[in-house]
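Below, read A as the first sequence line, B as the second, and so on, with proteins coming before strands; counting in each chain starts at 1.
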Amino acid sequence: MIDPVTYMLTLIILCMVVNLGIALYGIFFRPSLVKKIIAVTILGDTANTFAIMLGYRRWLSPEKPSIPPVLLNYANATKEALAEFSARAVDPLPQALVLTAIVIGLAVTLFLVFLTLQIHRLYGTTDVREIRKLRG
Amino acid sequence: MIDPQVLVLGIGALAALASVVAVYFAVIERNLVRAVVFSAIQSTLYALLYYILMAPDIVLVYVPVAVGLYPAVILFLISKTEREEKP
Amino acid sequence: MKHAIAVLSIVLFVLAMSLLLTVAGGLYIPSISVRPLAELYLNTTYNPWNREFTALSPEGVTAIVWDYRGLDTVFETTVFYLAIIASIAIARGIRKYSALPGKELGLSLIVRTVTRITTTLIVAVAISIALHGHLTPGGGFQGGATAAVAPLLILVAFSHYFLLKRGVSKDLMLVIRSLGLAGIGIVAIATYLVAVASGLPGFVLQNQPKPLSPVNLPAYLGGQLISGTLWFFNIFEFFAVMAGFTIVFLLLAIPERIARGGGEK
């Protein structure tokens, strides 16, 4: 007997693996530098999704779904509410690491965009094959 | 009676499958503007997936960055360089 | 047609392969419990009965970003700083640019009116996200990234000179970003300085009192929970991220004709 929840989670992970492969193909085999930048952003997002997938946790029961790591109603929290929170919330550590990684990734991508712009200003093309010819 | 967890994760799995299609066209497409649009579609599906994986913080940072800023910046870049990828 | 077959085969491969892997059971799949480290974080992120280890923030992610793993985030901010500086360094040849006289730039009137309304809303939402980062999902990174959408919309709808005429220049944004980064540094060593001044042991990036060091920033300000350093970190990071991205967009929106000419004399 196949567990449908396991099947769904496996499907999500495998889709991410396929995305990783397509993005790597884009980085290595497409000639345009702009296309390479697009593929690099897809690669980074897919890696982040793997990290979030590591922190996911299954539902305890249909009435008790897993919750984000945010404690609601904190002002009059009791010890029982706290115990239930830590029994149901997902892992916050991968989310905290991914959070900074996305913003830093955007900053690094902006740097790549400026590099590509400068290459186009100097050589008049963004095609790596022509740039290779120009440099000898 | 279907398990609600299967329904919720099923939406996530559908989003992941659709993102595979979007990534394929984003990498294959020769017209760079359309490639950026496919990349934005992929980002939207990833945002839905993050929401289903219980990460509202990531959704809040991912939607403006990957749906708003990335495509705009790359469209700026395309408008200043080349529109088509040569075969 | 070729693409349709390729997509169909990829999707079928994923569906069949995951079925196979489910039966074989060889893949890492999330289970009903999380790792012990995550249990520790979830137990202590807001725990008034365990004051020696808690961060006093109901939001687990912000507590990890700025308290438990604060040093990581400070160095991530350094990487962000260096990436923006590198972008500015590449665009350094452009010196001066001013408004073209008597020429209406930008998109149509409808777009500009809508942009006026939505940018206000975007900035308001971004500030709300940043200020409530320690209570609800959000924080400095999220708020800063959201607020950076507003100058980008203005650049597209109104042109580059609209912002320059109103004083939003690269230099002003550099000053705001430097103030934000300096604020992060000051808050990081604030408790340490207090501890040194009062002759007690203290730590860098300390938030709440620890067993060895009893000093802390106040967790409540006027009866409202601000979680010590987290609130200040979020505010300063908001300014650093927002201003940093705005600098790069301002440089990116300079027309290519002016950028190649090296600016006016």
Indicate yes or no: does [X] engage [Y] in a salt bridge with an N to O separation below 4.0 Å.
X      : Y       : answer
E84(A) : R88(A)  : yes
D91(A) : R35(C)  : yes
K35(A) : D127(A) : no

Below 4.5 Å from any heavy atom of chain C, which atoms of [X] appear? Answer side chain, backbone, both or neither.
X       : value
V5(A)   : neither
P68(A)  : neither
V103(A) : both
L11(A)  : both
L115(A) : both
T78(A)  : backbone
L72(A)  : neither

Between [options], which has the largest tally of heavy atom pairs under 4.5 Å with chain A?
options                         : value
T77(C), I64(C), I32(C), V14(C)  : I32(C)
L19(C), V23(C), V79(C)          : L19(C)
S87(C), A38(C), G244(C), G60(C) : S87(C)
V11(C), T73(C), L252(C), I10(C) : L252(C)
Y46(C), F249(C), Y68(C)         : Y46(C)
E59(C), Q142(C), E76(C)         : E76(C)

Checklist entry - Between R69(C) and T100(A), is any side-chain donor less than 3.5 angstrom from a side-chain acceptor? => result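 Short answer, no.
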Item to check | Name of the residue among F239(C), F141(C), F80(C) meeting ring pair (Phe, Tyr, Trp, His ring centres under 6.0 Å) with F245(C) | outcome: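 The residue from F239(C), F141(C), F80(C) that satisfies ring pair (Phe, Tyr, Trp, His ring centres under 6.0 Å) with F245(C) turns out to be F80(C).
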Item to check | Working for side-chain hydrogen bond (donor to acceptor under 3.5 Å, both in side chains), residues T44(C) and R51(C) | outcome: CA-CA 9 Å; T44(C) 58; R51(C) 286 303 298 266; over 6 Å; no
Checklist entry - Can you list the steps and then say if S57(C) with Y74(A) is a side-chain hydrogen bond (donor to acceptor under 3.5 Å, both in side chains)? => result CA-CA 9 Å; S57(C) 163; Y74(A) 61 91; over 6 Å; no
